[in-house]
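Scroll down for the structure; my scribbles are underneath it.
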Amino acid sequence: MAYFFPTASHTFNEYLLVPGYTSLECRPENVSLRTPLVRYRKGVEEPAMHLNVPMVSAVMQAVSGDKLAIALAQEGGVSFIYGSQSIEEEAAMVARVKSYKAGFVRSDSNIAPEATLADVLALHAATGHSTVAVTEDGTADGKLLGIVTSRDYRVSRMTGDEKVATFMTPLEKLVTAPEGTSLKEANDIIWDHKLNALPIVSKDGRLVSFVFRKDYDQHKAKPNELLDEHKRFVVGAGINTRDYAERVPALVEAGVDVIVIDSSEGYNERQKITLSWIREHYGDTVKVGAGNVIDADGFRFLADCGADFVKVGIGGGSICITRETKGIGRGQATALIEVAQARDEYFKETGIYVPVCSDGGIVHDHHITLALAMGADFVMLGRYFARFDESPSQKVNVNGTLMKEYWGEGSNRARNWQCYDLGNSKRLSFEEGVDSYVPYAGPLSDNVQLTLAKVRSTMSNCGALTIPELQEKARLTLVSSVSIVEGGAHDVVLKSTNQPV
């Protein structure tokens, strides 16, 4: 006879935190959200990798491209570049992230001198960058002839047919620096000459990169930036259990910092084989997470296989219909609580702490705090990040409301059979995800800062200044359906809509 779990499974929305004693020190500005990303011997050593904020982005086409990876690393989190693309394309995304923040930025806005103002405006619309390098052949590493910025032209007084060569700032009027200039020296030149951008030029006159004033200012304004030992952004990438022998070496060569096996269900031999291959060829130098699982047995299996972190969750994502189509899954809160307990038991037995990532089920900002209190070391988010400017999807107008496209990896649009298939057919037999829209929410930074402000405030209310302290002190209560209704606005007429709630 089948085994029946003795209790119902619950979601985050069925729980509330009960405040604890709050000392004078328990203020949001004193809360640290630093958390381990990979396994380590707790109490003996520091983790090889950590997050400055407990947020990572999902391995999804509509979420984790290189632009979002850069934006999230600036806030202290990590993106996992989606693996449902060619090996070359994924490695190129990783390489772009790693090359972005060394301070020396390879130009992605380049134009030839015979191009027109109209071409400059089109390029600006495509990239969003106002500094355009003018090179002999219009490439990023061509011979530098000048630059064009918004100060070089007036759209209202020009026709658009003017050649770039006639209004650009020519090379002889530019301040440049030779290849080999250090970042400190480059920033000193920028400040001494009051520049916004400093071109770095090779001995033969070719453009190598730019150093921007805004990057220095931005770095100072982003104390939580997650950087590697070379002061480059930290970035992750997703792999599958099919072409890992070709994909992993390409990602490592591109500079990836951490990898995760992207699979809808991780309690299987293919994950063990994949993890074994990585350990055989790279030892512990390549950090790799695994999942997804929803119970203690699944966690123990992946931890014993050598996973650096374990993802928890099946069917809880907003675009996931696995529970509907296959009848497999578990309430995210219940799954997370059981896996976190298994993680703690594993630590007591082995001395090794394997971080747990809660993946899916986050609807409201306070669900992140609930997930952390229930034992998650960090959370993986898809819909949350898909709403922002930096996600790869298109912004569209739907009935007068700005939206962004958002589709699941198990949808026909993504065609990610490697993530969901358990057979040999290289196609999806049926969909486990939907194609949808999410309300457009603007830039990532503003939204993440607001979300984390709520997390820090709630932790303060619980008397906790760190995530481990929250997990130790948190008190959680199940709530009834009536309590959930009571928790929102009710029995009033909202001024914004004149509708009763």
* Below 4.5 Å, heavy atoms only, C-beta onward: do Phe233 and Leu227 meet side chain to side chain? -> yes

* Asked: Do the ring planes of His364 and His366 sit parallel (below 30°), tilted (30 to 60°) or perpendicular (above 60°)?
  -> parallel

* Do NZ/NE/NH1/NH2 and the carboxylate oxygens of Lys184 and Asp188 come within less than 4.0 Å? -> yes

* Decide side chain to side chain contact (heavy atoms under 4.5 Å, CB included) for Leu450 and Lys454; before the verdict, give the C-alpha distance in whole Å, the side-chain angles of both, and the deciding distance to 0.1 Å. => CA-CA 7 Å; Leu450 176 60; Lys454 296 177 184 178; 4.1 Å; yes

* **Ala453 backbone acceptor or donor facing Ser457 side chain under 3.5 Å** => no

* For Thr334 and His10, indicate whether the former's side chain and the latter's backbone hold a donor-acceptor pair under 3.5 Å. => yes

* To do: Could you give me the CA-CA distance, side-chain angles and deciding distance for Tyr244 and Ile261, then say whether side chain to side chain contact (heavy atoms under 4.5 Å, CB included) is met?
  => CA-CA 9 Å; Tyr244 55 85; Ile261 302 173; over 6 Å; no

* Asked: So, does Asn52 use its side chain to make a donor-acceptor pair with the main chain of Asn224 at under 3.5 Å?
  -> yes

* Are Ile239 and Ile278 close enough, and set up right, to give a side chain to side chain contact (heavy atoms under 4.5 Å, CB included), and what steps lead you there? -> CA-CA 11 Å; Ile239 63 170; Ile278 292 173; 4.0 Å; yes

* **Donor-acceptor under 3.5 Å (Gln332 side chain, Val312 main chain)** => yes

* Is Asp228 salt-bridged to Lys98, cutoff N-O under 4.0 Å? -> yes

* Backbone N or O of Gly315 within a donor-acceptor pair of the Thr322 side chain at under 3.5 Å? -> no

* To do: Measure the shortest side-chain to side-chain distance between Met459 and Arg456 over non-hydrogen atoms and say whether it is less than 4.5 angstrom.
  => no

* Asked: Do you know which two heavy atoms are closest between Ala296 and Ala342, and how far apart they sit?
  -> CB-CB, 3.7 Å

* Give a yes-or-no answer on whether the side chains of Ser445 and Gln74 include a donor-acceptor pair shorter than 3.5 Å. => no

* To do: Examine distances only and state if a side-chain atom of Asp308 and a backbone atom of Val288 form a donor-acceptor pair shorter than 3.5 Å.
  => yes

* Structure fact -> ring-ring contact (aromatic ring centres under 6.0 Å, His included) filter on Tyr82, not counting sequence neighbours, yields none

* How far apart are the C-alpha atoms of Asn110 and Thr139, what are their side-chain angles, what is the distance that settles it, and do they pass the side chain to side chain contact (heavy atoms under 4.5 Å, CB included) test? -> CA-CA 6 Å; Asn110 311 286; Thr139 65; 5.9 Å; no

* Please list all pairs passing the ring-ring contact (aromatic ring centres under 6.0 Å, His included) test where one or both residues lie in residues 443-468, with sequence neighbours left out. => none

* Give a yes-or-no answer on whether the side chains of Thr451 and Tyr384 include a donor-acceptor pair shorter than 3.5 Å. => yes

* Asked: Which heavy atom of Thr285 sits nearest a heavy atom of Tyr282, and at what distance?
  -> OG1-O, 2.5 Å

* Asked: Do Arg279 side-chain atoms and Gly306 backbone N/O form a donor-acceptor pair below 3.5 Å?
  -> yes

* **Six-ring centre of Phe347, Arg343 cation under 6.0 angstrom, axis tolerance 45°** => no

* Counting N and O atoms only, with roles assigned by atom type, does the side chain of Asn292 sit under 3.5 Å from a partner on the main chain of Gly313, one being a donor and the other an acceptor? -> yes

* Asked: Between Arg39 and Asp377, is the closest basic N to carboxylate O distance under 4.0 Å?
  -> no

* When you check the gap from the basic side-chain N to the acidic O, do Glu349 and Arg300 get nearer than 4.0 Å? -> yes

* Should the pair Phe378 and Phe309 be assigned to parallel (<30°), tilted (30 to 60°) or perpendicular (>60°) ring geometry? -> perpendicular

* Would you call Glu469 and Lys473 a salt bridge, taking side-chain N to carboxylate O under 4.0 Å as the test? -> yes

* Asked: Any side-chain heavy-atom pair from Phe212 and Thr131 closer than 4.5 angstrom?
  -> yes

* Under a 4.5 Å cut-off applied to non-hydrogen side-chain atoms, are Ser263 and Gln271 in contact? -> yes

* With a 3.5 Å cut-off and no angle check, do the side chains of Ser64 and Ser57 form a donor-acceptor pair? -> yes

* Asked: Does a donor on one side chain sit under 3.5 Å from an acceptor on the other, for Gln449 and Glu75?
  -> yes

